[in-house]
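Below is one structure, written out as C-alpha cells; the observations come after it.
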Amino acid sequence: MNDLRSEFEQAARDIKRFGERPDNDTLLQLYAYYKQGSDGDVHGCQPGFFDFIGTAKQEAWAKLKGMPQDEAMRQYISLVRQLLP
C-alpha cells in the first residue's frame, strides 16, 4: 500500500505541472478519483444551490461511492499517466 500511496502522491504532483488544462469532464474525473483515493466515500455538507462547480464535484465524487480507496488511487494514477506526455 505504501508504494501505491507514493505513486498516488507523485501523480498528484505531476498533474500540477501539466501544461494544458484538461477538459471539464476529465477534471471532474481527476477530482473524484483523487477524493475517493484520499478520503474514501463522499461526506460533508452539500454545496449551496448556486455553487454549480461545487455541486458538480460533489456529484462526481458521489458516483464513486463504495469504490475501494486503493482502486480509486490506481484509476487516478492511470488517468494522470494518460494525460501526461
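Not measured: the values here are computed from a predicted model.
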What verdict does the side-chain contact (heavy atoms from CB on, under 4.5 Å) test give for Q36 and K63, after you've listed the backbone C-alpha separation in whole Å, the side-chain angles of each residue and the deciding distance to 0.1 Å?
CA-CA 10 Å; Q36 188 71 17; K63 287 179 183 176; over 6 Å; no
Just by distance, with hydrogens left out, do D25 and Q29 show a side-chain donor and acceptor under 3.5 Å apart?
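No, Q29 and D25 have no side-chain donor paired with an acceptor closer than 3.5 Å.
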Pair S6, D3: side-chain N/O donor-acceptor within cut-off below 3.5 Å:
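There is no such pair between these side chains.
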Around Y34, counting heavy atoms of other residues, nucleotides and ligands shown, do more than 12 lie under 6.0 Å from its OH?
no
Membership question, hydrophobic clusters at under 4.5 Å side-chain separation (ILVMFWY): are [Y] and [X] in the same one?
X: I15; Y: Y31; result: no
X: L79; Y: W61; result: no
X: M67; Y: Y76; result: yes
X: L84; Y: I77; result: yes
X: I53; Y: F50; result: no

When you compare the side chain of [Y] with that of [X], does any pair of heavy atoms fall below 4.5 Å?
X: V80; Y: L83; result: no
X: R21; Y: L27; result: yes
X: R13; Y: Q10; result: yes

Quick one: closest heavy-atom pair of [X] and [Y], and the distance?
X: A72; Y: G37; result: CB-N, 3.6 Å
X: A32; Y: A60; result: CB-O, 3.5 Å
X: V42; Y: Q58; result: CG2-NE2, 3.5 Å

Calculate, to the nearest 0.5 Å, the distance between atoms [atom1] and [atom2] belonging to [X] and [Y] respectively.
X: K57; Y: D51; atom1: NZ; atom2: CG; answer: 8.5 Å
X: D41; Y: K35; atom1: CG; atom2: NZ; answer: 12.5 Å
X: D14; Y: K16; atom1: CG; atom2: NZ; answer: 10.5 Å
X: E9; Y: L4; atom1: CD; atom2: CG; answer: 10.0 Å

Knowing that exactly one of R74, Q75, E71, M73 qualifies, which makes a side chain to side chain contact (heavy atoms under 4.5 Å, CB included) with Y33?
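Only one of R74, Q75, E71, M73 forms a side chain to side chain contact (heavy atoms under 4.5 Å, CB included) with Y33, namely Q75.
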